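These numbers come from a predicted model, not from an experiment. Just so it is clear: chains get the letters A, B, ... in the order the sequence lines come, proteins before strands, and each one is counted from 1.
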Amino acid sequence: MRAELREQVTTIIASIPAGRVTTYGRIAKMTEGATARSVGAVLRTLPEGHRLPWFRVVAAGGRLADHEGASEQRRLLAAEGVVFDERGRIPAHCFWPE
DNA sequence: TACGTGACGGATG
DNA sequence: GCATCCGCCACGT
């Protein structure tokens with residue numbers, strides 16, 4: 001079940017369009033069986049050679065999760081055209097699915 | 001097998 | 001709006 005769950009999570013993340021983001025909570029809902037924390041656990045344990053756009057996964061409210069690669073994540077998102085407001089949050093119209 | 005940890009989220013004060 | 005607290009459950013040791 002957990003292998004299947006990770007597959008669902010990775011599939012969902014792989015289908016996020018460039019320039020858009022989604023949240024841990026949304027992914028958890030889509031998989032129906034995962035929690036936001038478990039989605040984070042999956043992302044943390046991705047194999048090295050993965051091609052997943054992990055940086056398109058953000059915390060609730062359009063904030064960046066507090067983790068080691070957060071600054072890089074912000075840079076990668078900005079490179080894709082994702083905008084941040086003055087408080088460092090991503091506006092709702094950048095979310096996926098809309 | 002059991003237990004502690006944590007890339008979260010929602011409720012509460 | 002910010003600071004805490006607590007529930008959630010997959011992971012790694």
So, taking the atom named [atom1] in [X] and the one named [atom2] in [Y], what distance separates them when rounded to the nearest 0.5 Å?
X: A:Phe55; Y: A:Arg75; atom1: CZ; atom2: CZ; result: 10.0 Å
X: A:Arg6; Y: A:Leu46; atom1: CZ; atom2: CG; result: 7.5 Å
X: A:Ile27; Y: A:Thr35; atom1: CD1; atom2: OG1; result: 12.0 Å

First of A:Arg89 and A:Gly33 reached from the 5' end of DNA chain C, by closest nucleotide: A:Arg89
[X] [atom1] - [N] [atom2] separation (whole Å):
X: A:Glu86; N: C:dG1; atom1: CD; atom2: P; result: 10 Å
X: A:Glu4; N: C:dC11; atom1: CD; atom2: P; result: 12 Å
X: A:Tyr24; N: C:dC11; atom1: OH; atom2: P; result: 15 Å
X: A:Glu7; N: C:dA10; atom1: CD; atom2: P; result: 16 Å
X: A:Arg6; N: C:dA10; atom1: CZ; atom2: P; result: 12 Å
X: A:His67; N: B:dG9; atom1: NE2; atom2: C1'; result: 16 Å
X: A:Arg63; N: B:dA7; atom1: CZ; atom2: P; result: 16 Å
X: A:Leu77; N: B:dA7; atom1: CG; atom2: P; result: 18 Å

Interface with DNA chain C, restricted to residues 34-48 of chain A and to heavy atoms under 4.0 Å: A:Thr35, A:Arg37, A:Ser38, A:Val42, A:Thr45
Same apolar cluster: A:Trp96 and A:Leu77, side chain cutoff 4.5 Å: yes
Starting from A:Leu52, can I reach A:Val9 by hopping between I/L/V/M/F/W/Y residues whose side chains sit under 4.5 Å apart? yes
Give a yes or no on whether A:Asp85 atom CG has more than 12 heavy-atom contacts from other residues, nucleotides or ligands under 6.0 Å away. yes
